[in-house]
Amino acid sequence: MTGYEHIEHTFAPVYDADSLVLILGTLPSVKSRENHFYYGHKQNRFWKVMADLCGEPVPETIEEKKKMLLTHHIAVWDVIQSCDIKGSSDSSIRNVEPTDIRRILAESQITRIYANGNKAGELYRKYQLPLTGIEATVLPSTSPANAAWRLESLCEVWRETIVLL
């Protein structure tokens with residue numbers, strides 16, 4: 001398993017009792033783990049897409065990011081609690097221990113779940129769907145590795161798919 005590292009998810013999900021929508025990634029990237037918050041790589045377009053979806057300026061600080069999400073009833077977490085991975089490569093993920101999203105579902109109003117990218121969707125279907133019974137809609141990944149998608153196209157698809165109240 002050369003180059004693999006065992007990673008434990010170390011920060012909490014973002015949600016509250018009023019959350020209606022849950023967006024799931026796979027596991028925090030190396031940069032996100034360094035920053036102790038979701039989508040921390042400056043090339044990841046998640047926060048630009050969220051700002052577009054919410055009709056707000058792109059948040060800069062962790063507190064601004066949390067406030068924007070919660071104001072718009074959006075929860076964010078990941079499918080994986082721990083795994084073996086090479087760097088931030090989703091394709092290298094092995095030995096998955098999933099997060100238990102049932103707690104979030106029980107403590108919120110979430111009825112719609114979205115996966116940020118195919119790998120998150122695949123892992124959700126394998127580990128979470130049998131527990132939740134809620135299908136997840138897979139959206140194109142905001143990761144810089146998904147270079148085929150321009151920011152404008154990502155924003156358009158996310159906006160058309162996720163309907164906020």
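As the structure is a prediction and not an experimental result, all values here were calculated from the model.
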Could you tell me whether a side-chain N or O of [X] sits under 3.5 Å from a main-chain N or O of [Y], the two making a donor and an acceptor?
X	Y	answer
Glu64	Glu60	yes
Arg45	Pro144	no
Asp78	Ile80	no
Thr71	Lys67	yes
Ser92	Lys86	yes
Glu107	Ile104	no
Ser153	Trp149	no
Arg33	Pro28	yes
His9	Phe11	yes

Residues [X] and [Y]: side-chain donor-acceptor under 3.5 angstrom:
X	Y	result
Asp18	His73	no
Asn116	Tyr39	yes
Thr132	Tyr124	yes

Taking the side chain as everything from C-beta on, heavy atoms only, tell me whether [X] gets closer than 4.5 Å to [Y].
X	Y	answer
Lys65	Met50	no
Arg125	Val138	yes
Ile74	Cys54	yes
Ser32	His41	no
Ser29	Asn44	no
Thr99	Gln128	yes
Lys66	Ile62	yes
Ser19	Leu70	yes

Would [X] end up clustered with [Y] when hydrophobic side chains under 4.5 Å apart are linked, directly or stepwise?
X	Y	value
Val14	Val58	yes
Trp47	Leu151	yes
Ile7	Val96	yes

Which pair of non-hydrogen atoms, one from [X] and one from [Y], has the smallest distance, and what is that distance?
X	Y	value
Asp52	Cys155	OD2-CB, 3.3 Å
Leu53	Ile162	CD1-O, 3.6 Å
Val157	Pro140	CG1-CD, 3.7 Å
Ile110	Val21	CG1-N, 4.1 Å
Leu129	Ile134	CD1-O, 3.2 Å
Ala51	Pro59	CB-CD, 4.3 Å

Do the ring planes of Phe46 and Trp158 sit parallel (below 30°), tilted (30 to 60°) or perpendicular (above 60°)?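 Rings of Phe46 and Trp158: perpendicular, over 60°.
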
Atom CG of Asn35 with >12 non-hydrogen neighbours under 6.0 angstrom: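 Counting other residues, nucleotides and ligands, CG of Asn35 exceeds 12 neighbours.
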
Passes side-chain contact (heavy atoms from CB on, under 4.5 Å), Asn118 versus Glu122? Steps please. CA-CA 6 Å; Asn118 290 327; Glu122 171 192 319; over 6 Å; no

Separation of [Y] [atom2] from [X] [atom1] (nearest 0.5 Å):
X	Y	atom1	atom2	result
Glu156	Arg150	CD	CZ	9.0 Å
Tyr127	Gln81	OH	CD	13.5 Å
Leu24	Leu139	CG	CG	11.0 Å

Identify which one of Ile93, Val79, Ile85 satisfies the side chain to side chain contact (heavy atoms under 4.5 Å, CB included) criterion when paired with Thr26.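 Among Ile93, Val79, Ile85, the one that satisfies the side chain to side chain contact (heavy atoms under 4.5 Å, CB included) with Thr26 is Ile93.
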
Does the pair Ile101 and Leu22 meet the rule for a side-chain contact (heavy atoms from CB on, under 4.5 Å), with working shown? CA-CA 10 Å; Ile101 67 171; Leu22 173 60; 4.2 Å; yes

Note: Lys31-Glu34 ion pair, threshold 4.0 Å (strictly below):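 So Lys31 pairs with Glu34 through a salt bridge.
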
